[in-house]
Amino acid sequence: MDLSGFPTLLDRAFLEYRIRQTRQRLSVSLNSFAGFLDFSPPIVNMWLNGDRLPSQVNVERLVPKLVDLLDLEVYDILGL
């Protein structure tokens, strides 16, 4: 699986998350986004910056949340 586009996808997810949270008047920080994804903020920050890519296991944990958040199909995400 090619994960080279993952930072862009995650950045898009973070933007969508911030938009949704702002509409709900909730926190829009990286910490809250990381909490939503159920990962630590430093790890999510590294993914967003492209400094590190998630492992296969972590991608499997992230995909359902990204599918829901971005209103995409699993195939759209896995076919980065």
Side-chain angles (χ1 to χ4, degrees):
M1 174 185 323
D2 178 20
L3 295 177
S4 61
F6 193 80
T8 301
L9 177 70
L10 199 56
D11 191 48
R12 181 176 162 199
F14 185 34
L15 177 62
E16 178 64 25
Y17 178 79
R18 291 183 350 195
I19 290 168
R20 287 187 186 185
Q21 296 295 58
T22 298
R23 287 182 187 151
Q24 297 172 10
R25 298 189 187 279
L26 299 173
S27 175
V28 294
S29 68
L30 177 62
N31 287 346
S32 65
F33 181 58
F36 168 77
L37 295 175
D38 201 23
F39 286 93
S40 72
I43 283 288
V44 173
N45 190 43
M46 285 189 277
W47 293 341
L48 283 167
N49 292 331
D51 297 333
R52 186 172 175 180
L53 294 174
S55 67
Q56 178 72 31
V57 171
N58 288 341
V59 167
E60 290 170 7
R61 287 179 52 199
L62 288 165
V63 165
K65 293 176 186 210
L66 297 177
V67 164
D68 182 50
L69 186 62
L70 297 173
D71 195 28
L72 294 173
E73 297 292 327
V74 171
Y75 303 108
D76 294 328
I77 291 178
L78 295 179
L80 297 172

- Item | Min side-chain heavy-atom separation Leu53-Val59 under 4.5 Å | no
- Pro41 versus Leu30, closest heavy-atom pair with distance: O-CD2, 4.1 Å
- Message: Distance check, rounded to the nearest 0.5 Å: Phe33 atom CZ versus Lys65 atom NZ?
- Response: 10.5 Å
- Starting at CG of Leu9, measure out to OG of Ser4 and round the result to the nearest 0.5 Å. 11.5 Å
- Do the side chains of Leu69 and Phe36 get nearer than 4.5 Å, heavy atoms only? yes
- Could you tell me which non-hydrogen atom of Ser40 sits nearest to which non-hydrogen atom of Ala34, and how far apart they are? C-CB, 3.9 Å
- Item | Side-chain donor or acceptor of Asn49 paired with backbone N/O of Asn45 under 3.5 Å | yes
- Message: As an exercise, state the distance from CG of Leu48 to CD1 of Ile43, rounded to the nearest 0.5 Å.
- Response: 11.5 Å
- Message: I need the minimum non-hydrogen distance between Pro7 and Gly50, along with the two atoms involved.
- Response: CG-CA, 3.6 Å
- Item | Distance, nearest 0.5 Å, that separates CZ of Arg61 from CG of Leu66 | 12.0 Å
- Item | Atom pair CE (Met46) and CZ (Phe39), whose distance is rounded to the nearest 0.5 Å | 12.0 Å
- Considering only heavy atoms from C-beta outward, does the side chain of Tyr17 approach that of Leu37 to under 4.5 Å? no
